[in-house]
Amino acid sequence: MVIKTDKADAIVAAATSQLGKPFDSRSLKGFLSAKFPGIRDWRDPDSWFCAELVVWAFERAGYWKNPPLPWPKNRVSPTDTLLLFLTDDNFVNAGTFWEPIVGLKMEPWER
């Protein structure tokens with residue numbers, strides 16, 4: 001996705017400030033579980049789940065005052081992130097986003 005914003009440098013700076021932090025396996029267990037993931041703060045900067053880091057970096061850079069998550073919860077899934085940006089007016093490549101990537105080679109098991 002290409003998101004056009006004057007906050008791009010701040011978003012990248014926020015995300016790269018977290019380099020070296022561990023993967024948040026607790027969130028992955030919660031994400032894959034049928035149970036609600038329990039009490040946790042998805043903004044806790046000690047470790048990250050990929051989707052949470054993306055939304056946190058946008059939020060930290062001031063892109064949103066509060067991320068417009070579909071409902072209040074204590075995790076951000078990849079689907080949440082996709083839905084946030086699919087409905088964002090700054091999503092500039094929406095018309096071509098779902099098109100195949102020219103030159104991309106996939107293994108038979110990936111199809």
Side-chain angles (χ1 to χ4, degrees):
M1 295 182 148
V2 177
I3 306 295
K4 185 176 180 177
T5 176
D6 62 353
K7 307 257 188 247
D9 289 340
I11 293 166
V12 171
T16 57
S17 75
Q18 300 302 296
L19 286 172
K21 301 281 178 87
F23 181 78
D24 186 356
S25 58
R26 293 174 306 135
S27 67
L28 184 59
K29 289 176 187 172
F31 172 69
L32 296 174
S33 171
K35 295 169 40 176
F36 196 74
I39 296 171
R40 63 181 286 274
D41 179 3
W42 68 265
R43 292 175 179 93
D44 180 1
D46 291 339
S47 59
W48 290 106
F49 180 63
C50 56
E52 293 174 343
L53 175 59
V54 170
V55 174
W56 175 86
F58 272 75
E59 180 182 59
R60 182 79 167 192
Y63 188 79
W64 304 292
K65 287 186 180 196
N66 292 305
L69 297 174
W71 54 88
K73 57 185 186 171
N74 58 1
R75 67 179 181 190
V76 177
S77 73
T79 302
D80 295 326
T81 306
L82 179 65
L83 291 174
L84 281 172
F85 292 115
L86 281 177
T87 60
D88 192 309
D89 291 339
N90 296 320
F91 176 23
V92 297
N93 67 324
T96 60
F97 178 71
W98 297 106
E99 292 180 6
I101 300 171
V102 176
L104 178 67
K105 304 281 188 217
M106 296 179 70
E107 298 294 327
W109 56 270
E110 293 179 302
R111 297 182 188 148

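Please read these numbers as outputs of a predicted model, since none were measured by experiment. Computation of the quantities below employed the complete heavy-atom set of this structure, encompassing side-chain atoms and omitting hydrogens, waters and symmetry-equivalent molecules.
- A continuous path of Ile, Leu, Val, Met, Phe, Trp and Tyr side chains, each step under 4.5 Å between heavy atoms, connects Trp98 with Ile3, placing both in one hydrophobic cluster.
- Side-chain atoms of Lys21 never come within 3.5 Å of backbone atoms of Trp48 as a donor-acceptor pair (strictly under, hydrogens ignored).
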Please determine whether ring pair (Phe, Tyr, Trp, His ring centres under 6.0 Å) holds for the pair Trp64 and Phe58, giving the CA-CA distance in whole Å, both sets of side-chain angles, and the decisive distance to 0.1 Å. CA-CA 7 Å; Trp64 304 292; Phe58 272 75; 5.6 Å; yes

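- For the pair Leu83/Thr87, no side-chain contact is recorded, criterion being any heavy-atom separation below 4.5 Å from C-beta on.
- Across every non-hydrogen atom of Ala51 and Val76, the tightest pair is CB-O, 3.5 Å.
- By the 30° and 60° cut-offs, the orientation of the rings of Phe97 relative to Phe91 is perpendicular.
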Applying ring pair (Phe, Tyr, Trp, His ring centres under 6.0 Å) to Trp56 and Trp42, what does each step give before you reach the verdict? CA-CA 9 Å; Trp56 175 86; Trp42 68 265; 8.9 Å; no

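- When atom types are taken as modelled, the side chain of Asp80 and the backbone of Ser77 share a donor-acceptor pair closer than 3.5 angstrom.
- Note on Leu86 and Val54: same hydrophobic cluster, where clusters join Ile, Leu, Val, Met, Phe, Trp and Tyr whose side-chain heavy atoms are under 4.5 Å apart, directly or indirectly.
- The CE atom of Met1 sits 4.5 Å away from the CG atom of Leu82 when rounded to the nearest 0.5 Å.
- Dense packing is recorded around CG of Leu104, with more than 12 heavy atoms of other residues, nucleotides or ligands lying under 6.0 Å away.
- Screening Asp6, Asn90, Val55 against Tyr63 for a side-chain contact (heavy atoms from CB on, under 4.5 Å) leaves a single residue, Asn90.
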